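Below, chains carry the letters A, B, ... as their sequence lines are ordered, and counting in each starts from 1. It should be emphasised that the depicted structure is a prediction, and the values quoted were computed from it without experimental measurement.
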Number of protein chains: 2
Amino acid sequence: METTRINLQSKSLVRTAALAKAIGHPVRIAILQFLSGRDVCICGDITDVIPLAQSTVSQHLKVLKEAGLIKGDVEGVKTCYCLNRDGLREFEQLFSSLFSELNSPDSGNCC
Amino acid sequence: METTRINLQSKSLVRTAALAKAIGHPVRIAILQFLSGRDVCICGDITDVIPLAQSTVSQHLKVLKEAGLIKGDVEGVKTCYCLNRDGLREFEQLFSSLFSELNSPDSGNCC
DNA sequence: ATAATTAATCGTAATTTTACGATATATAAA
DNA sequence: TTTATATATCGTAAAATTACGATTAATTAT
């Protein structure tokens with residue numbers, strides 16, 4: 001048969017999956033959307049609009065930050081969160097290349 | 001303050017998150033890529049190229065199928081899996097509108 | 001100096017995910 | 001009919017996720 005095993009450790013594979021996982025929750029997408037709708041860095045207002053405990057929102061923010069999708073700057077007693085443009089760009093690129101791969105003409109359509 | 005609570009049950013929000021979650025694992029992305037690289041419907045060859053137990057691969061296939069990203073047709077003793085074009089299109093659309101939302105000009109870039 | 005405020009972190013419980021081997025089921029081959 | 005094959009499902013264990021309230025740490029206000 002001689003089928004080559006797939007390398008599950010491929011950099012872009014792992015990174016794409018991690019980014020997808022990071023936005024794989026309604027609350028986290030909502031946070032990104034909320035941040036995008038502001039031209040000023042908002043901070044803990046996020047907690048006000050998300051109907052969850054402060055600690056839970058903080059956890060979701062951490063996930064987004066660790067995935068590189070948002071940035072957070074401490075400003076006094078508050079923390080200023082905003083979108084991470086670089087992370088979003090990377091995300092968009094990885095996804096568009098994934099989609100173009102999945103849409104390649106040699107992809108069958110038998111079912 | 002008068003801040004409007006975010007509706008976390010929004011159809012597209014929930015659906016986008018579910019799709020993202022479905023591809024939020026390297027194995028599942030690898031399966032999609034493998035399926036796209038074939039012009040014939042392959043079946044259990046997936047199990048051969050993924051270095052995981054058959055039952056585990058089957059579970060991942062189920063996740064992808066339930067998310068509407070692949071289709072599976074039983075053909076005799078084998079099962080023929082292939083990409084679900086409609087699901088992928090939907091995915092692409094939801095993601096592109098999410099990205100354009102996140103890239104809107106009024107989105108701040110203060111950090 | 002003390003009190004109030006913001007937000008992260010801790011501890012915890014409930015649920016979900018991921019992986020495995022074993023088993024069941026259904027078809028095809030002998 | 002019996003045997004082999006492919007694949008789904010079951011049972012289970014370990015780990016991760018999600019949510020919460022309580023606490024802590026840091027800063028600002030009194």
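Counting to the nearest Å, the C1' atom of C:dA7 and the NZ atom of A:Lys71 are 20 Å from each other. Atoms CD1 (B:Ile70) and C1' (D:dA8) sit 13 Å apart, rounded to a whole Å. As a whole-Å value, the separation of A:Leu52 CG from C:dA14 P is 19 Å. The NZ-C1' distance, from B:Lys62 to C:dA19, rounds to 15 Å in whole Å. The nearest whole Å value for the distance from the NZ atom in B:Lys78 to the P atom in C:dA28 is 11 Å. Taking atom NZ of residue B:Lys65 and atom P of nucleotide D:dT9, one finds them 8 Å apart after rounding to whole Å. A straight line from CD of B:Gln59 to P of C:dT16 spans 14 Å, rounded to a whole angstrom. In this entry the distance linking CG of A:Asp48 with C1' of C:dA7 reads 12 Å, nearest Å.
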Applying side-chain contact (heavy atoms from CB on, under 4.5 Å) to B:Phe95 and A:Phe91, what does each step give before you reach the verdict? CA-CA 11 Å; B:Phe95 268 65; A:Phe91 196 177; 4.1 Å; yes

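Of the possible donor and acceptor atoms, none in the side chain of B:Ser58 sits under 3.5 Å from a partner among the backbone N and O of B:Ser55. Side chain of B:Arg5 to backbone of A:Asp48: a donor-acceptor contact under 3.5 angstrom is found. The main-chain N or O of A:Ser12 is found under 3.5 Å from a side-chain atom of A:Thr16 such that the two form a donor-acceptor pair.
Of the residues in residues 20-29 of chain B, not one places a heavy atom less than 4.0 Å from an atom of DNA chain D.
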Base versus backbone protein contacts along nucleotides 22-29 of chain D [heavy-atom cut-off under 4.0 Å; B, S, -]: B---BBS-

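Regarding contacts with the backbone of C:dA19, a side-chain N or O of B:His60 is found under 4.0 angstrom from either OP1 or OP2. For B:Ser58, no side-chain nitrogen or oxygen approaches OP1 or OP2 of D:dT9 to under 4.0 Å. Dashed line: the shortest gap from a side-chain N or O of A:Tyr81 to OP1 or OP2 of C:dT6 is not under 4.0 Å.
Looking at heavy atoms from C-beta onward, A:Leu32 lies out of side-chain contact with B:Glu101 at the 4.5 angstrom threshold. Within the 4.5 Å cutoff, the side chain of B:Ile31 has heavy atoms near those of the B:Leu35 side chain.
One hydrophobic cluster holds both B:Leu61 and A:Leu8 under the rule that ILVMFWY side chains link at heavy-atom gaps under 4.5 Å. At a threshold of 4.5 Å between side-chain heavy atoms, the hydrophobic network of Ile, Leu, Val, Met, Phe, Trp and Tyr places B:Val27 and B:Val57 in one connected group.
Taking CD1 from B:Ile46 and CG from B:Leu52, the interatomic distance works out to 12.5 Å, rounded to the nearest 0.5 Å.
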